[in-house]
Amino acid sequence: YVLRRDVDKDGLVESYGGGNAGTLRDPERADIWFESMNFGHKNAWTNALSYRSFLCLAEMLEATGHPKGAEYYRHHASRLRKAYVRQFVSSGNGWLVSWVSEDGQTHDYCHTLVNGIAVAYGIVDPVQGREILSRVVAKSKSIGFTNWHLGVPGNLITCRKEDMIGPRIGLDGQP
């Protein structure tokens, strides 16, 4: 199922939601636990989880005597990894962006968990991972957040209102 969600065959899993600004309306939700943010289309979080899932599936298939199945999922993990780095590493900031919407817009809120999971799962190589995390920490310091012992903030850049869930729209076109 997840592989079939690579709608444009670039190696990344596309979300059902388009992620375009101003399109997420209550009661709909995005496909990430940050469900009030419009993560959609090319979504860095969903693709990180898909990458890890493909590798775990390959490991399970290998262990149960299905090497061809394992090879199949490792191949797709490798394709996803290459596409992930190409699509989500921000040339401007050096960390991973949150999502790229169907209209081609990049939505970058320096999500700590998107960056952390991609580094932890090895989607980026260790050298690049250290650089990404050092940039995330530098961003946290630049906004005055240094109390990591209190917890990890979800994002370090304020989310635009257009990328947050909007109110239900009635039959009359009004919220």
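Given the structure is predicted, the values throughout are model-derived calculations rather than measurements.
Listed by first and then second residue, the ring-ring contact (aromatic ring centres under 6.0 Å, His included) pairs involving residues 151-175 amount to none (not counting sequence neighbours).
Considering all non-hydrogen atoms of both residues, H107 and D163 come closest at ND1-OD2, 2.7 Å. The shortest non-hydrogen separation linking H111 to S98 is ND1-OG, 2.6 Å. In this structure, K139 and C110 approach most closely via the heavy-atom pair CG-SG, 4.3 Å. Nearest heavy-atom pair, L12 versus L80, reported as atom, atom and distance to 0.1 Å: CD2-O, 4.0 Å. In terms of heavy atoms, E102 sits closest to N20 at N-OD1, 3.2 Å. A pairwise comparison of heavy atoms in N43 and S15 identifies CB-OG, 3.6 Å as the closest pair.
Counting only heavy atoms from C-beta outward, the side chains of W45 and S50 never approach each other to under 4.5 Å. Residues Q128 and V89 meet the side-chain proximity criterion, which asks for heavy atoms closer than 4.5 Å. Contact of the D8 side chain with the E14 side chain is registered, since non-hydrogen atoms from C-beta on lie closer than 4.5 Å.
With rounding to the nearest 0.5 Å, the separation of CG in L156 from CD1 in I143 is 4.5 Å. R52 CZ to L49 CG: the interatomic distance, rounded to the nearest 0.5 Å, is 11.0 Å. Between F54 atom CZ and H76 atom NE2 the span is 7.5 Å, to the nearest 0.5 Å. Here the NZ atom belonging to K42 is positioned 11.5 Å from the OG1 atom belonging to T106, to the nearest 0.5 angstrom.
Under the 3.5 Å distance criterion, the side-chain polar atoms of Y84 are matched with a main-chain donor or acceptor of A44. D125 places a side-chain N or O within donor-acceptor distance of the main-chain N or O of V127, the cut-off being under 3.5 Å. Remark: the backbone N or O of V13 is not paired with any side-chain donor or acceptor of D6 at under 3.5 angstrom. Between the side chain of H75 and the backbone N or O of Y73, no donor-acceptor pair lies under 3.5 Å. A distance-only check finds no donor-acceptor pair linking the side chain of N147 to the backbone of L150 [under 3.5 Å]. The main-chain N or O of G166 is never found under 3.5 Å from a side-chain atom of R25 such that the two would form a donor-acceptor pair. Not one N or O on the side chain of S78 forms a donor-acceptor pair closer than 3.5 Å with the backbone of R74.
We find that D10 and R86 are not joined by a salt bridge, their nearest charged nitrogen and carboxylate oxygen being 4.0 Å or further apart.
When the side chain to side chain contact (heavy atoms under 4.5 Å, CB included) test is applied to M164, the partners found at least two apart in sequence or on another chain are S36, M37, C159.
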**Report entry** Trace of the side-chain hydrogen bond (donor to acceptor under 3.5 Å, both in side chains) decision for T112 with N155
**Finding:** CA-CA 6 Å; T112 55; N155 50 295; over 6 Å; no
Query - Chi angles and distances behind the side-chain contact (heavy atoms from CB on, under 4.5 Å) call for Y72, L3 - result: CA-CA 11 Å; Y72 176 80; L3 288 171; 3.4 Å; yes
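Residues F39 and Y16 share a single hydrophobic cluster, defined by chaining ILVMFWY side chains whose heavy atoms lie under 4.5 Å apart.
Heavy atoms from other residues, nucleotides or ligands lying under 6.0 Å from CD of E71 number 12 at most.
Geometric assessment of R160 against the ring of Y109 yields a negative cation-pi assignment under the 6.0 Å and 45° thresholds.
Defined by atom type and a distance below 3.5 Å, a donor-acceptor pair is missing between the side-chain atoms of D108 and W99.
I132 pairs with exactly one of V137, N93, L96 by the side chain to side chain contact (heavy atoms under 4.5 Å, CB included) rule, that one being L96.
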